[in-house]
Every structure is written in structure tokens, then in C-alpha cells.
Amino acid sequence: MASGGEQKVVLITGCSSGIGLRIAVLLARDEQKRYHVIATMRDLRKKDRLVEAAGDTYGKTLTLLSLDVCSDDSVRQCIDSVKDRHIDILINNAGVGLLGPVESISMDDMKKVFETNFFGTVRMIKEVMPDMKKRRAGHIIVMSSVMGLQGVVFNDVYTASKFAIEGFCESMAVQLLKFNVKLSLIEPGPVHTEFETKMMEDVAKMEYPGADADTVRYFKDVYIPSSIDIFEALGQTPDDIAKCTKKVIESSRPRFRNLTNSLYTPIVAMKYADETGGLSVHTFYNLLFNFGSLMHITMSILKCLTCSCLRRRTISPD
Ligand SMILES: NC(=O)C1=CN([C@@H]2O[C@H](COP(=O)(O)OP(=O)(O)OC[C@H]3O[C@@H](n4cnc5c(N)ncnc54)[C@H](OP(=O)(O)O)[C@@H]3O)[C@@H](O)[C@H]2O)C=CC1
Ligand SMILES: CC1=C(/C=C/C(C)=C/C=C/C(C)=C/C=O)C(C)(C)CCC1
């Protein structure tokens with residue numbers, strides 16, 4: 001136990017892989033043992049990777065519970081099983097992606113994305129926030145995305161789910177401040193996790209019912225190769241995002257918005273530079289359809305542009 005203070009109880013959703021798994025392990029391995037991590041996942045049969053990465057912290061500073069963010073009962077049972085329902089830091093990480101022409105995606109699949117990414121986060125906050133308000137203490141972290149700030153073609157529904165989160169949190173943050181409860185959004189760009197592999201597997205299986213030949217061609221032959229280039233050029237590791245998240249938790253005055261990738265700063269700045277929206281729409285159009293084949297060069301220029309003054313606006317893992 002940390003000397004001079006109680007351990008903080010941190011509950012994290014979606015710890016079977018990727019960013020959630022790495023945050024759980026990083027906090028559980030804290031040298032000063034400042035955290036007791038409750039790592040949760042919807043299917044405990046997937047626990048092996050986490051248990052292995054947690055090593056000797058498993059059963060000490062890290063415990064494992066089952067939690068499906070899409071189920072009222074599962075969320076309630078999990079939180080009720082925590083001693084005194086006391087959670088100091090809630091990390092809403094669970095999320096799913098969805099990629100492709102809207103015409104080819106069923107309404108049910110779209111609703112599943114909102115059910116997990118948006119309502120899953122809301123369900124967690126609704127369950128944990130009242131106790132934090134009573135205690136006049138707590139920190140809620142939400143894994144948003146750069147796609148919560150800027151739409152990206154063919155990610156229409158995923159983007160919308162993250163915009164919904166941003167709007168919800170922007171509204172909540174003001175009320176929570178009155179109760180001394182902090183709320184922070186983490187906004188990563190591309191991160192190499194199963195999120196990327198699952199989406200590419202889904203794309204390979206897709207048959208594009210309802211989409212015309214041109215749209216399918218723009219998606220498969222223009223967007224997908226550019227997106228692969230972008231992941232290669234800008235991709236961060238889940239460890240990077242875990243380190244950024246730990247920094248936010250440990251900050252005495254945590255920021256509300258936390259972009260983790262400085263290479264996205266110009267894209268977000270562009271949105272606010274032109275309130276008509278035209279600059280963003282046309283720049284994205286040109287980047288994809290006119291300079292898509294030059295994406296490698298475009299990315300190099302972007303890297304040069306993101307000098308240290310822009311980097312200061314992001315949270316870095318180091
Ligand atoms: N990778 C990226 O490029 C980026 C990801 N993000 C966000 O980061 C977060 C984590 O994603 P990432 O680590 O990359 O992807 P992963 O696919 O590796 O991890 C997603 C996690 O969410 C879990 N999950 C999905 N549905 C539920 C549910 N109903 N209840 C509980 N857990 C669930 C998955 O569990 P299971 O194994 O059971 O499916 C898995 O543990 C997401 O919110 C994502 O939107 C943000 C920006 C970029
Ligand atoms: C920037 C950019 C593109 C793609 C961005 C991608 C692919 C971002 C992925 C972000 C992720 C995966 C966020 C997860 O939440 C395009 C449209 C190819 C071309 C124009 C510039």
C-alpha cells in the first residue's frame with residue numbers, strides 16, 4: 001500500500017485487449033502501489049492475456065471482474081460487488097469500431113455501436129457518478145477519439161458515436177465541477193490494437209449490399225490504402241495511450257480534452273479556423289481523392305508541421 005495515503009480504486013472497462021489491458025497493467029504495476037485496479041471485461045474466458053501481462057500484481061493490486069457495458073444488470077452487479085461501491089477513478093474504455101459505406105451497414109449494426117460506445121459509457125457514468133457526487137471526489141476518464149472531434153469518411157457511424165460522447169461529456173463536466181468530480185476525455189488517433197485488425201477483417205468479409213460500384217471502389221481502392229498509410233505513419237501503441245492516461249490521472253489540474261497525437265493538432269485546428277466547415281470538408285476531400293496516392297509524402301509534411309509548439313497542445317506519453 002502507498003505510504004501516506006489510501007490506494008485509489010480504479011475501475012476500467014474493456015480490459016481483454018488493447019488500450020484497456022495496457023492501462024490496467026501500467027496502473028497495477030505503479031511502483032508506489034498507489035492504485036487498486038479493478039480490471040473488467042465482458043467475457044472472463046478472455047482473461048489470460050491480461051493475467052499474464054499483470055504477472056505478480058494479479059490478485060494484489062489488480063483484480064478481475066466481469067462487466068458488459070451493454071447490460072444494466074451486469075453493470076449494477078459489478079459495481080455492487082465493489083467494497084462500499086467506492087470507485088475513485090472510472091475509466092470508460094470499452095468500445096467497438098464500424099467501417100464502410102453506410103448503405104451496406106444494417107441499422108442493427110449501427111445501433112450496436114451506439115449501444116456500446118455511447119450508451120455503454122453513459123450507463124457506467126450513471127451508475128458510478130452519484131457516489132462520487134456524494135463524496136465530492138472522483139475522476140471519470142472517457143476514451144474518446146480524434147474522431148470525436150473530426151469526422152472521417154467511411155467511419156460515419158463510429159465518428160457519430162464518439163461525437164455523442166464528446167457532447168455528453170462537455171455538458172456533464174460543468175455540473176460535475178460543482179461536485180468536485182473531474183471528467184477528462186482522451187482523444188487518440190490511430191492506435192495499433194485489435195480494433196485495427198478486427199476492422200480490417202470485417203472489411204475483407206464485407207459484401208457491400210446496397211452500395212453502388214463507385215462508392216465501393218472509393219472505399220476499397222482509395223480509403224483503405226490511405227488509411228493503412230495513416231496507421232503506419234501516425235499509429236501509436238496502446239502503451240503510449242496508457243502512459244498518457246496515467247499522466248492525466250496524476251495531474252493536479254487534469255485537462256478536459258487530451259489529444260494524444262500531435263500530428264492531429266492541425267486537423268483539429270483547421271476545423272475551428274473556419275466556422276463554415278468548408279475548409280475541413282475540402283481539405284479532407286483533397287487529401288483523400290487528389291493526394292491519396294501521395295499519402296506517404298503528405299504524412300511527412302504533416303510530421304514537419306507538427307513542431308514542438310503544436311506538441312505542447314497534446315498530452316505526450318513521455
Ligand atoms: N485503436 C484505435 O485506433 C483507437 C481506439 N480508440 C478507442 O479506444 C478504446 C479501446 O479500443 P482498443 O483498445 O483500440 O480496441 P480493442 O478492440 O483492442 O479493445 C476493445 C475492448 O472493448 C471491449 N468491449 C467491446 N464491447 C464491450 C462491451 N459490451 N462490454 C465490455 N467490454 C466491451 C472489448 O472486449 P471483447 O474482447 O469482449 O470484444 C475489448 O476489451 C475504444 O473505445 C476505441 O473506440 C480511440 C481512438 C483510436
Ligand atoms: C487523417 C486522414 C484520413 C484518415 C484517418 C484515419 C484512418 C484515422 C483513424 C483514426 C482512428 C482509427 C480513430 C479511432 O478512434 C484519410 C481519410 C484517409 C485521408 C485524409 C486524412
Side-chain angles (χ1 to χ4, degrees), residues 12-24 39-47 49-50 65-71 74-75 78 91-99 112-113 115-121 123-124 141-155 158-159 161-162 165 185-200 218-219 222-242 245 259-261 263-264 266-268 270 280-281 283-292 294-295 298-299 302:
I12 313 168
T13 64
C15 295
S16 68
S17 64
I19 296 170
L21 186 154
R22 295 317 316 176
I23 297 175
T40 70
M41 58 183 74
R42 61 177 162 176
D43 182 356
L44 288 177
R45 284 170 303 184
K46 289 192 181 177
K47 70 177 191 311
R49 233 183 317 165
L50 174 70
L65 289 178
S66 155
L67 187 153
D68 179 345
V69 299
C70 293
S71 155
S74 167
V75 169
C78 178
I91 305 186
N92 295 283
N93 164 75
V96 290
L98 186 64
L99 193 59
K112 276 183 203 148
V113 171
E115 194 48 61
T116 309
N117 297 2
F118 178 64
F119 290 112
T121 300
R123 187 173 282 111
M124 289 303 301
I141 305 276
V142 178
M143 201 53 67
S144 178
S145 164
V146 290
M147 287 202 218
L149 297 168
Q150 172 61 58
V152 172
V153 61
F154 293 122
N155 287 270
Y158 174 75
T159 297
S161 74
K162 293 293 183 181
I165 283 179
L185 293 158
I186 315 284
E187 290 144 333
V191 185
H192 301 291
T193 64
E194 288 189 9
F195 183 92
E196 178 190 5
T197 28
K198 277 179 219 159
M199 281 210 292
M200 290 309 170
Y218 294 140
F219 175 59
V222 182
Y223 171 78
I224 293 292
S226 296
S227 162
I228 291 171
D229 280 351
I230 294 221
F231 261 93
E232 257 174 39
L234 311 186
Q236 291 183 290
T237 66
D239 261 326
D240 289 336
I241 311 306
T245 307
L259 277 168
T260 67
N261 195 327
L263 297 159
Y264 270 90
I267 288 177
V268 177
M270 190 167 65
S280 296
V281 172
T283 306
F284 267 83
Y285 178 90
N286 285 325
L287 278 173
L288 186 64
F289 291 116
N290 294 334
F291 306 123
L294 303 172
M295 199 55 82
T298 312
M299 285 304 118
L302 202 57

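In listed order, ligands and their atoms are each counted from 1.
Residue, atom and distance of the protein heavy atom nearest to atom 6 (N) of ligand 1 are Tyr158 OH, 3.8 Å. Closest protein heavy atom to atom 34 (C) of ligand 1: Ser16 OG, 4.0 Å. In terms of protein heavy-atom proximity, atom 21 (C) of ligand 1 is closest to Gly14 O, 3.7 Å. The nearest heavy-atom contact from the protein to atom 32 (N) of ligand 1 is Ala94 CB, 3.4 Å. Protein heavy atom nearest atom 13 (O) of ligand 1, with residue, atom name and distance: Ile19 N, 2.8 Å.
When each atom of ligand 1 is checked for a heavy atom of Pro190 under 4.0 Å away, the hits are 3 (O). Atoms of ligand 1 lying under 4.0 Å from at least one heavy atom of Asp68, given by number and element, are 28 (C), 29 (N), 30 (N). Ligand-side atoms of ligand 1 in range of Gly18: 13 (O), 18 (O), range being under 4.0 angstrom from any heavy atom. Listed by atom number, the atoms of ligand 2 under 4.0 Å from Ser226 heavy atoms are 18 (C). Numbered from 1 in the order shown, with element, the atoms of ligand 1 that lie under 4.0 Å from a heavy atom of Ser17 read 16 (P), 18 (O), 19 (O), 40 (C), 41 (O). Counting atoms of ligand 1 from 1 in the listed order, those under 4.0 Å from a heavy atom of Ser145 are 46 (C), 47 (C). Every atom of ligand 2 with a heavy atom of Ser145 under 4.0 Å away is listed here by number and element: 13 (C), 14 (C), 15 (O). Residue Leu67 approaches ligand 1 through these ligand atoms, each under 4.0 Å from one of its heavy atoms: 30 (N), 31 (C). Here is the list of ligand 2 atoms found below 4.0 Å of a heavy atom in Val153: 17 (C). Near Lys46, with a cut-off below 4.0 Å to any heavy atom, the atoms of ligand 1 are 36 (P), 37 (O), 38 (O), 39 (O). Near Leu287, meaning under 4.0 Å from one of its heavy atoms, ligand 2 places the atoms 20 (C), 21 (C).
When the heavy atoms of Tyr264, Phe289, Phe231 are ranked by distance to atom 12 (C) of ligand 2, first place goes to Phe231. Around atom 14 (O) of ligand 1, the closest heavy atom drawn from Thr197, Thr193, Val113 belongs to Thr193.
Partner of Met143 under the side-chain contact (heavy atoms from CB on, under 4.5 Å) criterion, out of Ile19, Thr13, Leu185, Asn92: Ile19 alone.
Looking at Met41 against ligand 1, nothing comes within 4.0 Å, counting heavy atoms. At a heavy-atom distance under 4.0 Å, only side-chain atoms of Thr116, from C-beta outward, approach ligand 1. At a heavy-atom distance under 4.0 Å, only side-chain atoms of Lys198, from C-beta outward, approach ligand 1.
Listed here is the closest heavy atom pair of His192 and Pro238: O-CD, 3.3 Å.
Ligand 1 has Ser144 within reach: a non-hydrogen atom of the residue lies less than 4.0 Å from it. Residue contact check for ligand 1: Pro238 places no non-hydrogen atom closer than 4.0 Å to it. Remark: distances from the non-hydrogen atoms of Gly120 to ligand 1 are all 4.0 Å or more. Contact annotation: Gly189 has at least one heavy atom less than 4.0 Å from an atom of ligand 1. In this structure, Lys162 is part of the shell of residues with a heavy atom less than 4.0 angstrom from ligand 1.
Residue contacts with ligand 1: Arg42 is placed with a nitrogen or oxygen under 3.5 Å of a nitrogen or oxygen of the ligand (distance criterion only). Considering backbone and side-chain N/O atoms, Gly20 never comes within less than 3.5 Å of an N/O atom of ligand 1. The distance criterion of under 3.5 Å between nitrogen or oxygen atoms is met by Asn93 with respect to ligand 1. Considering backbone and side-chain N/O of Pro188, none are found under 3.5 Å from N/O of ligand 1.
No donor-acceptor distance shorter than 3.5 angstrom exists from the side chain of Asn286 to the backbone of Thr283, with no hydrogens or angles considered.
For the residue pair Thr260/Glu187, the side-chain donor-acceptor check at 3.5 Å is not satisfied.
Using a 30° and 60° split on the angle between ring planes, Phe219 and Tyr223 fall in the parallel class, below 30°.
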